[in-house]
Each structure stands twice: as structure tokens, then as C-alpha cells.
Protein chains: 2
Amino acid sequence: MDEPALKMITQPDAATNPPAHEVIYRRLRDQILFGEIAPGQALTIQGLADRLSAGMTPVREAIRRLTAEGALVFQGNRRVCVPELTAENISEIIYARQWLESHLGLRATERATPAALTRLTEIDRAVDRAILAGDLRSYLQGNHAFHAMIYDLADAPILAEMAERLWLRFGPSLRVVIGRIGTQNLPDKHKDMLECMRTGDSEGAARAMREDMLQGMEQIRDMLDLSERDN
Amino acid sequence: MDEPALKMITQPDAATNPPAHEVIYRRLRDQILFGEIAPGQALTIQGLADRLSAGMTPVREAIRRLTAEGALVFQGNRRVCVPELTAENISEIIYARQWLESHLGLRATERATPAALTRLTEIDRAVDRAILAGDLRSYLQGNHAFHAMIYDLADAPILAEMAERLWLRFGPSLRVVIGRIGTQNLPDKHKDMLECMRTGDSEGAARAMREDMLQGMEQIRDMLDLSERDN
DNA sequence: CTCTGGAAAATTTGATCATATTCTTGGCGG
DNA sequence: CCGCCAAGAATATGATCAAATTTTCCAGAG
């Protein structure tokens with residue numbers, strides 16, 4: 001009597017699957033992570049709702065998540081904005097990442113499959129291409145993807161989440177730094193890292209991860225020292 | 001001419017100041033932190049809205065924050081629940097807390113004022129009273145307050161937030177452990193910690209914090225090993 | 001005759017929006 | 001210079017739609 005096939009015909013909305021607040025969260029998160037929203041810039045819920053052409057309820061939920069993750073902070077009583085890092089903040093982040101990156105790098109090396117190494121090598125090549133092309137956005141995305149994949153390989157979800165969350169804090173500043181000094185002469189310990197992973201040298205991989213992190217963080221710290229001296 | 005006192009009379013709503021989603025977040029957070037919501041127990045948004053006699057929007061926002069903090073996880077597609085820890089999870093938490101607690105303890109010792117030491121001693125006495133009385137809830141609250149005050153003294157907001165967030169993960173399990181073995185013969189390195197802080201022995205304070213953490217975590221690990229062996 | 005398995009309907013739950021209410025803030029007038 | 005008023009933004013409620021789970025009912029097999 002009724003057509004059961006009708007449902008499949010009238011259902012091209014498989015793309016609607018992820019809820020709106022999730023989509024908005026992801027978009028805002030990426031925009032913060034890759035520095036498209038400048039540190040210190042104020043955001044309003046209604047402004048975001050208009051800009052992303054969404055209702056304000058999903059925007060509110062996305063903002064709650066991001067403030068809980070430290071990617072946004074309450075400014076005064078009513079507004080939120082991307083926080084501006086201080087030199088002390090960077091020292092804390094360096095201290096935490098020292099432990100996190102080296103440990104995750106070590107575990108990832110112990111667990112890496114050949115397929116994973118192939119994929120990591122591909123990502124690193126994309127990073128190289130972005131550096132040569134001076135493509136800032138692609139560099140930042142690729143660099144993050146490289147570390148994120150290592151976190152994933154490490155099979156330590158809690159530590160990986162802690163590491164990911166720190167990216168949200170220094171990401172905006174990283175963008176400013178790289179945008180200032182250009183994508184040339186960037187530190188890249190990724191080659192060392194890959195070589196250690198291929199040979200199973202987990203201690204060396206931990207050292208490479210730590211050094212790669214340190215070089216990037218030192219650049220941010222130098223910039224912050226300069227701008228704080230200006231005041 | 002006009003009565004300025006009138007304002008105070010017509011304004012008994014000073015308690016309305018914190019927004020509802022903030023209040024709900026805090027209540028839920030405490031209930032999770034002190035194990036009043038059992039690990040694995042499913043929660044629904046509407047159920048919570050009824051139980052806390054609130055609208056569902058503030059409840060939704062509170063749940064977003066708590067899931068972002070790892071205090072809740074999505075269960076399937078529809079429900080959220082307090083996560084159950086695995087033995088691997090505990091190992092990760094131990095690794096992270098090893099350097100977090102010791103570093104925060106060291107910094108707190110360097111910055112502690114006499115007034116702060118007095119307050120810490122008071123908190124520790126309250127913990128002792130709770131242990132003697134077998135008052136589980138007061139013990140958990142006091143123990144947390146002791147560590148939270150040290151985090152606060154350390155003046156390292158990012159690291160302190162990381163440490164606080166880990167409490168949300170092992171808090172529910174801690175409640176189960178202590179509820180099982182009783183509040184007697186609990187580890188208490190708080191006395192060592194206070195003595196080191198008084199004498200300015202920051203290295204010793206770091207060691208005391210680490211050992212206090214380790215003793216508590218080992219108890220949780222032992223329980224998890226047992227229950228996983230049961231399966 | 002009873003038990004089990006599956007399908008469909010109904011109820012419960014979640015997501016989003018529109019709207020009202022409250023609170024902050026900035027400007028204007030005394 | 002202070003206080004009041006207005007505009008705008010955020011919070012919170014209720015309604016509405018969509019989705020999922022549960023329950024119920026029926027059929028077939030033991």
C-alpha cells in the first residue's frame with residue numbers, strides 16, 4: 001500500500017547529520033586555531049550568529065565549549081574574545097608541552113604502523129610545499145595535522161586531549177609570529193622525527209618532538225618579550 | 001533628598017547575579033567531582049532539567065561545558081554519562097599529575113604567604129576531622145580544597161586548569177574507592193607538604209605533592225585492576 | 001499454547017528557533 | 001559631574017520539529 005522506497009527518495013539530507021552546534025564549534029575552533037580571529041578581538045553572540053547565518057542557540061553552545069577549552073575568555077561581563085598570551089603563559093605552555101610532546105612522540109613511535117608512517121610522510125611533504133609556496137594557512141594546518149596524527153598514534157586519549165587543547169591557546173599567537181617572520185627559515189624537526197620513527201628510536205623521537213615544540217614556542221616567547229617591552 | 005537606602009530594600013535579588021547556566025554548571029560539576037553521580041550512569045538533558053527545576057537551555061550549556069572538560073562523555077547518540085575509567089586512563093592521569101602536582105607544589109611553596117599557610121593548615125585540620133568522623137563527602141571536598149588552594153597559590157593559571165580538569169576525571173572513581181576502603185588509613189602527605197611549605201623547602205614540597213598524588217592514584221588503579229580482572 | 005523475533009507506532013528526548021525579559025552600557029540632560 | 005533614560009545585547013522560556021528508543025502487537029516456530 002504505502003511505498004517504503006519513498007523514504008530513500010525523499011532523503012537527500014544525509015549531510016544534515018552533524019548538528020548545527022557541532023558544525024559551528026568546528027568552524028570557530030579552526031578559525032581560532034589558525035589565527036583567523038585575532039587575539040584580543042571581541043566577539044558577540046549575535047554578531048557570530050549573523051556572520052555564520054545561524055541561530056544564536058547553537059552559537060551559544062559552541063562558545064560555551066570554546067571558553068571551557070580556553071580558546072575564548074570572558075571579557076568583562078558580557079563579551080568573549082580570543083585571549084592574548086603573556087610571557088608567563090608561554091612558559092607554562094612550554095613546561096606542559098615538554099612532557100606531553102615527548103611522551104606522546106615516544107608512544108607513537110612504539111605503535112606506528114608502516115601505513116601510518118607513509119601518511120605522516122605525506123603530511124610532512126605537504127608542509128614543505130606550503131613553506132616553499134609561502135602559504136601560511138596550509139603550513140599552519142599541515143603542521144597541526146602532523147602533530148595531531150602523532151597524538152592519535154600514541155593511543156593516550158587524555159594526554160592527547162591536553163596537548164590538543166594547548167594548541168588552541170598558542171595557535172593565534174603562532175599565526176602572528178609566522179605571519180611576521182615569514183614561512184622561510186622555519187624550524188622543522190619533522191625529518192628527524194620521521195627518521196626516528198622509521199628506525200624505532202623512540203627516545204630519539206621523544207627528543208625530536210620536544211625540540212620541534214621548543215623552537216616554535218621560543219619564537220612566540222621572543223615576540224611576546226618584544227611586545228611587552230614596548231609597553 | 002531621595003532615599004539611597006530604598007535601593008537596598010527593593011533589591012533582594014542580588015542572589016540572581018550569577019546566570020542560571022553558571023549555577024547549574026557548578027552544581028553538576030560538584031556532583032560529578034565528589035562522586036554523587038556514579039560512573040556509567042546515563043543522564044538526559046530533560047531529566048536534569050526536571051531534577052534541578054530549570055529550563056533545558058541552561059542545562060544544555062552546562063552539559064556542553066562538562067563534556068568539553070571530560071567530565072561527561074557522549075554515550076551513543078543520545079545520552080551523556082560520567083565516563084568509567086580504564087587502567088590505561090589512570091596511567092595517563094598519573095603521568096600527567098606527576099609533573100603537574102610537583103611543579104604546582106614547588107611554585108606554591110615559593111609564593112606562599114603566612115596567611116595562606118594558616119588557611120591551608122585550617123583546611124588540613126578539616127580534612128583530619130572528616131577522616132575521624134568518617135564523613136566521606138567532607139573528606140573529598142576538603143582534600144580537593146587543599147590541592148585547589150595550592151594550585152591557586154602557584155599562580156600558573158593554565159597548569160592549574162589542567163590539574164583541576166584531571167580531578168573531574170578521577171573524582172568519581174576516587175569516591176568509589178574511598179567509599180569502599182573507608183576513610184581510615186588514608187594516605188595523607190599533607191602534613192609533610194605543610195612542613196616543607198613552612199620551611200620554604202620547595203623541592204621537598206614538590207616531592208610531597210607527587211607522593212600524595214601517587215598514593216591516591218595507586219588505590220584507584222588497584223581497584224580498576226581488580227574490577228577489570230573480574231570480567 | 002507459549003515463547004521469541006521483528007516491525008511499526010508511540011512516547012520520550014534532543015535540537016533549533018522565536019520571543020520576552022533582564023542587565024549593561026553609552027549618551028544626554030540637568 | 002552625576003544621574004537617568006534609551007538602545008542593544010545576552011539570558012532564559014516555551015514551542016515546534018526531527019530523531020531515536022522503547023513498547024507493543026502480531027506472526028511463526030517449537
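Just so it is clear, the structure is predicted and the values come from calculations on it, not from any experiment. We name chains A, B, ... by the order of the sequence lines, and we start the count at 1 in each one.
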Solution key, residues 42-57 of chain B side-chain donor-acceptor pairs under 3.5 Å, sequence neighbours excluded:
unit_1, atom_1, unit_2, atom_2, d
Thr44(B), OG1, Gly47(B), N, 2.9
Arg51(B), NH2, Gln31(B), OE1, 3.4

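- A donor-acceptor pair under 3.5 Å links the side-chain atoms of Tyr95(B) to the main chain of Trp99(A), judged by distance alone.
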Side-chain donor-acceptor pairs under 3.5 Å in residues 216-223 of chain B, sequence neighbours left out?
unit_1, atom_1, unit_2, atom_2, d
Glu218(B), OE1, Arg221(B), NE, 3.4
Arg221(B), NH1, Ser91(B), OG, 3.0

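- dC17(C) atom P lies 12 Å from atom CG of Leu52(A), rounded to whole Å.
- Looking at Ile93(B) and Ile158(A), their side chains come closer than 4.5 Å, going by heavy atoms from C-beta outward.
- Minimum interatomic distance between Ala112(A) and Leu117(A) (heavy atoms only, all atoms of both residues): CB-CG, 4.4 Å.
- Between Ile45(B) atom CD1 and dA20(D) atom C1' the separation is 14 Å, expressed in whole Å.
- A sub-4.0 Å separation between OP1 or OP2 of dA15(C) and a side-chain N or O of Arg60(B) is present.
- Using a 4.5 Å heavy-atom threshold, the side chains of Pro172(B) and Leu33(B) count as separate.
- One finds no side-chain N or O of Arg79(A) lying less than 4.0 angstrom from the OP1 or OP2 phosphate oxygen of dG8(D).
- If you measure from atom CG of Leu48(B) to atom C1' of dG14(C), you get 13 Å, rounded to the nearest angstrom.
- When rounded to the nearest whole Å, the span between CZ of Phe74(B) and C1' of dA15(C) equals 12 Å.
- When distances are taken from the side chain of Pro19(A) to each of dA10(D), dA15(C), dT13(C), the shortest belongs to dA15(C).
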Output one line per pair: protein atom, nucleotide atom from nucleotides 13-18 of chain D, and distance, for all N/O pairs under 3.5 Å.
unit_1, atom_1, unit_2, atom_2, d
dT13(D), OP2, Gly55(B), N, 3.4

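- Here dG14(C) presents its P atom at 12 Å from CD of Glu61(A), a figure rounded to the nearest Å.
- Here the side chain of Gln41(A) pairs a donor or acceptor atom with the backbone of Ala38(A) at under 3.5 angstrom.
- Computed from coordinates, the Gln46(B) CD to dA15(C) C1' distance equals 11 Å when rounded to whole Å.
- Between the C1' atom of dA15(C) and the CD1 atom of Ile63(B) lies a distance of 13 Å, rounded to the nearest Å.
- Atom pair Arg65(A):CZ and dA15(C):P shows a separation of 12 Å (rounding to whole Å applied).
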